Structure formats: structure tokens, C-alpha cells
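Chain A is the first sequence line, chain B the second, and so forth, proteins listed ahead of strands; every chain is numbered from 1. Here the structure is a predicted model, which is why all the values come from computation and not from measurement.
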Protein chains: 2
Amino acid sequence: MKKGLKREIRVLGVDDGPFNKFKDKECIVVGTVFRGGNYPDGILSTKVKVDGSDSTSKLIAMVNKSKFKPQLQSIILDGIALGGFNVIDIEKLSKKTGIPVIVVVRRYPDFEKIAKVLAKLKKKKQLRLIENAGKPVKAGKVWVQFKGTSLAKIREIVRVTATRSFIPEPIRVAHLIASGIARGESKGDA
Amino acid sequence: MKKGLKREIRVLGVDDGPFNKFKDKECIVVGTVFRGGNYPDGILSTKVKVDGSDSTSKLIAMVNKSKFKPQLQSIILDGIALGGFNVIDIEKLSKKTGIPVIVVVRRYPDFEKIAKVLAKLKKKKQLRLIENAGKPVKAGKVWVQFKGTSLAKIREIVRVTATRSFIPEPIRVAHLIASGIARGESKGDA
């Protein structure tokens, strides 16, 4: 037997769909309940306001009312914001659901640029949420920010779930679905 | 090397989402592009009219404009109708896309009952489409109707794609997605 996490642990992967920031008031958010990096057991969905501030409460509600909640060992987010600047408070999301939260990004974020843009838009609260998420660290081939568990555990979750690419499969598939539903055909990588 | 179809053949699985027949004019239709029974490569979507007659044309358009079309070796439908009585002309769907079409059902349909209901609703055309799809035959643990290829080939496609249950994985996952998007959380089996 291999030590560590079971390959079949259940995790939730979350991503938003594409939207037109000049036209759309809301955007779709898809959650995939995965068995490790293997296959989906269930699909959740909600909507958030484009550039709004409801992403944290919408995700908390989506997770807490789901029948899959008791089995979830982590929530993996494809980036820390949904619907543009609708930044997620990952500490609150982890506390209110009782589940570890992982934010995955491909490249190390340019925080200086992000801070400038948010300052210009007078989005102080969003900047604070990003800072509070912590400095990104490497996990496999991606960068992560996290709350609710240890880095060792996070690295193991990324390792177990990144089965088809270096991106955890639950967010790769959440991206395909959100994009395929919003556009009619999925496009690009998570 | 095992003889026969490769495990990685690309197939499209199609299912519709739940709807309220007294309220909803349209219902969502999801297509999953799968590598065999393993994992999704892409997601397509469209909408059809509840109890309308646009399902064939909508599916033809969805498939023909997709970048995945050249690789698709079959279209697997979860039942012969979408959005209630919006029956699919599977012969036309196969001819206009050039791709074999398989309708999968769990139980042998009660054609006598179906014919009575459709006659009562004066839906002669729909009844003709169902009859034209042919007598269901067994493939693995499910029943199939098909156009565009041989029964031997169909049986092999069902065998290769039914990896997690006795239902081909592309329609199991299309069902989860359509249901999760329409309801907020997926429910039941394909």
C-alpha cells in the first residue's frame, strides 16, 4: 500500500465561465465533485455578480447545501476570483464550510501590478483578501495559496488530483464545463 | 495488443437537463467529448424547445460546428428524445454529421404505451421517428437503437465507454452536468 492520501478522496474543483464584462451582470460558476483525479461524481453550479462581492457567500452556500459536503476533503479554486474582481475570502470559505481551501495558479502572480489595478479601481477590500490568502508556494508544477490545512497535505492533494495534466483534474474539468455551457463549446485550458 | 477499438476513441455523449414542463420553454442540452470511457476533452451545449421539434437540427448544428467533429467516432444519446417529446431523428442526425448514432436506454421501452400517449397527443411524426430508429437490441447491459454503423461496432463502443458503471461514461457525465447546471446540484443516474 502506498502511504498518504487515498487516490479516491473526494474534492471539489471550482471555476467560472467566460463573460462579457460590458454586458453580463452575472457569470456561471461550476463545481465538480471528483474522486481524486479520476472521475466526477457530481456537479454543482451557482452564479456570481460580475465584479461583485458575492463570490464567498455564494460558494459557502453552494458547498453547505450539497449532499457531497460531508465527504469533501478540499475545495480547489482555479484562481482567487470569480466573475472578474469578485475576490474570494478563502479564510472565511474554509472556516464556514470546515473544509481546506486551495487556490491554484499556473504562474506566480504579479502582485505589484494587481495592487496598482485594484488601488486605481478603489478595491481595497479585494486587495486585502488577496494579501490575506498568503504568499503563493509551489505544489507540483503549480502555485498555491491555501487555508485550513498544512502545505504537506495540500501538496499531496495536488499530486493525487493532477492526473491528466499538471492542473488538478477537478478544476480542469470545471473549466471545460463552465466554458462549454457559457459559450456552447469549451475552449482552452483551465 | 488487444484487438478492436482503441480505448481512447473520441465519442460524444448527449443528455438534457431537467425542466418544468409547465413553466420552461427551453431546456439545456449538454454534450461531453470523451476519450473512450476515461475523461472529458471538451464540453458542448445547446438548448432545445420543451416538447418542440428542433432537437435534430440543434444537435446537427452543435456537432457540425464543433472543432472535435473530425475525431468523433460516435454520438451516444441518453434516450431518443430531449426536452420531453422533442424526438430526435437519429437517421438524419447520422447522415447530416456523417457519424454513427447510438440511443441508449436502461430498460426495453414499452412501445405500446408510448404509441398510445403520442397518438393521444396527435404526435404522429414523433411516433414515426421512434419506429424508424429500429427495434432496441442488447449491447452490454443496456438496450440500444442505432444508425450509421454495425451492431458489432456499437457493442464495442458501449463496452469501451462503460467504464464506471454499465452506462457509457460520456452520457453518465453529460447527465450529471446538465442536471447540475439546471438544478444547482446534480441528481440521480444518467
Open item on the list: With clusters defined by side-chain heavy atoms of hydrophobic residues (ILVMFWY) lying less than 4.5 Å apart, directly or transitively, does A/Ile99 cluster with A/Leu59?
Closed with: yes
- [ ] For A/Lys96, look at atom NZ and say whether over 12 heavy atoms of other residues, nucleotides or ligands are found less than 6.0 Å away.
- [x] no
Task: Close contacts, residues 36-47 of chain B versus chain A, judged by heavy atoms under 4.5 Å - done: B/Asn38, B/Tyr39, B/Pro40, B/Asp41, B/Gly42, B/Ile43, B/Leu44, B/Ser45
- [ ] Treat each ILVMFWY residue as a node, draw an edge where side-chain heavy atoms are under 4.5 Å apart, and state whether B/Val14 and B/Phe146 are in one component.
- [x] no
TODO: For residues A/Glu185 and B/Lys67, report the shortest heavy-atom separation together with the two atoms involved.
DONE: OE2-CG, 2.8 Å
Task: A/Leu129-A/Ile90 co-clustered via ILVMFWY side chain contacts under 4.5 Å - done: yes
TODO: Indicate, with yes or no, if A/Ile88 and A/Ile171 share a hydrophobic cluster defined by side-chain heavy-atom contacts under 4.5 Å among Ile, Leu, Val, Met, Phe, Trp and Tyr.
DONE: no
Open item on the list: For A/Lys69, is the NZ atom crowded, meaning more than 12 foreign heavy atoms sit under 6.0 Å from it?
Closed with: yes
Open item on the list: Quick check on the interface: out of A/Ile181, A/Thr32, A/Thr163, who has the most heavy-atom pairs with chain B under 4.5 Å?
Closed with: A/Ile181
Open item on the list: Using side-chain heavy atoms (C-beta onward) and a distance below 4.5 Å, is A/Ile177 in contact with B/Val30?
Closed with: no
Open item on the list: For A/Lys116, I'd like to know if atom NZ has over 12 heavy atoms of other residues, nucleotides or ligands within 6.0 Å.
Closed with: no
TODO: Consider only side-chain heavy atoms of I, L, V, M, F, W and Y, link residues closer than 4.5 Å, and tell whether A/Ile130 and A/Leu77 are in one cluster.
DONE: yes
Open item on the list: Contact between B/Val33 and A/Leu176 at the side-chain level, heavy atoms closer than 4.5 Å - yes or no?
Closed with: no
